[in-house]
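Okay, so here's the structure we're looking at.
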Number of protein chains: 2
Amino acid sequence: MRISEAASLSGLKIDTIRYYEAEGLVPNVARGSDGQRRFSFENVDWLTLLFWLRETGMPMKVMQQFAALYAQGDETIPDRKEILLDHSRLLAKRRHDLDRCDEILARKLKIYEEYFS
Amino acid sequence: MRISEAASLSGLKIDTIRYYEAEGLVPNVARGSDGQRRFSFENVDWLTLLFWLRETGMPMKVMQQFAALYAQGDETIPDRKEILLDHSRLLAKRRHDLDRCDEILARKLKIYEEYFS
DNA sequence: TCTTGACCTTGAGTTACTCGAGGCAGGTAA
DNA sequence: TTACCTGCCTCGAGTAACTCAAGGTCAAGA
């Protein structure tokens, strides 16, 4: 499929997809005879994963490592698993941060309320 | 107190505090006779709030609006409340994103597991 | 044939820090 | 007293991760 479709399916913007490809984050993107990118379902699946990893705060360097492993084939699955498990721990931390921020907002909002009484 | 203490209490780095002050995000920072910044407890409370707002994804432009309102005094409390409530809705969205990412990671990890059996 | 729309590359601009260079001020050690 | 060390200061450059604008190609439709 074309880049616009890959973008709307994955959640990434067209520019971001091109940028990620240039940075080596998206292996094996084919080109048509007209020089335009053609994305396979596997490509889109990968882009979607990148979208969610970025959305939840994975740094590009880590994504680059992850992509390099992915490009090397199935024998790197244990390493990739490790990266995803690490990220999963980061998600837990972020959830905790959200809770903390909620508390702080609630406290502030309460003070703001009290100001009007 | 001095900037290093304000940094360790608020969570922000020293450089970030200076940068935020330069951008107008931190009103009323006093200076000692030696030209060094002196932070009040109110300052540190404010910095801590900024830390958590940033940590949970509030863009600087919004923080700038928020700081401008804060600098204008108590009559802007309703507007500030509105900003915090908006942010609170953003937190809910982020929590939802974390859940979504968790799902996707779980699915990937399952596939990785299956690969070894 | 002309135009429209989706794609291409390259390079510059933006956001939000982050770091390094060079300098002052105050306290301690020789 | 002198030397040095630490913590602060400013200013300007560098970085990360996009994001956008300029200018160009190509296929399909009016």
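In what follows, chains carry the letters A, B, and so on, assigned in the order in which the sequence lines appear, proteins first and then strands, with residues in each chain numbered from 1.
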From CZ of Phe51(B) across to C1' of dA16(C) the rounded distance in Å is 15 Å

Checking dT19(D), dT9(C), dT15(C) against the side chain of Tyr19(A) (C-beta onward), the nearest is dT19(D)

- Query: If only side-chain N and O atoms of Arg54(A) are considered, is one of them under 4.0 Å from the OP1 or OP2 phosphate oxygen of dC18(D)?
  - Reply: yes

Atom CE of Met58(A) and atom C1' of dC18(D) are separated, to the nearest Å, by 18 Å

Within residues 2-18 of chain B, the residues having a heavy atom closer than 4.0 Å to DNA chain D are Arg2(B), Ile3(B), Ser4(B), Arg18(B)

Between Arg37(A) and dC7(C), is there a side-chain N or O to OP1/OP2 distance below 4.0 Å? no

Sorted by chain and residue number, the ring pair (Phe, Tyr, Trp, His ring centres under 6.0 Å) partners of Tyr20(A) (sequence neighbours excluded) come out as none

From CG of Leu50(B) across to C1' of dA16(C) the rounded distance in Å is 14 Å

Sorted by position of nearest nucleotide on DNA chain D, 5' first, the leading residue of Tyr20(A) and Ser33(A) is Tyr20(A)

Q.
Tell me whether Arg94(A) contacts the main-chain N or O of Leu98(B) through its side chain, where contact means a donor paired with an acceptor under 3.5 Å.
A. no

- Query: When you check the side-chain N and O atoms of Asp45(B) and Thr48(B), is any donor under 3.5 Å from an acceptor?
  - Reply: no

Is the count of non-hydrogen atoms from other residues, nucleotides or ligands lying under 6.0 Å from Glu42(B) atom CD greater than 12?
-> no

Smallest heavy-atom separation, Leu9(B) atom then Met1(B) atom, equals CD1-SD, 3.7 Å

Asp34(A) atom CG is separated from dT9(C) atom C1', nearest whole Å, by 15 Å

Presence of salt bridge, Glu103(A) and Arg100(A), under 4.0 angstrom: yes

Glu23(B) atom CD is separated from dT15(C) atom C1', nearest whole Å, by 10 Å

Whole-Å distance, Arg31(A) CZ to dA6(C) P, equals 19 Å

DNA chain C nearest-nucleotide lookup for Met63(B) and Gln36(B): closer to the 5′ end is Met63(B)

Arg38(A) atom CZ is separated from dA27(D) atom P, nearest whole Å, by 11 Å

Side-chain ion pair, Asp99(A) and Arg95(A), N-O less than 4.0 Å: no

Between CE of Met60(B) and P of dT18(C) the distance, given in whole Å, is 12 Å

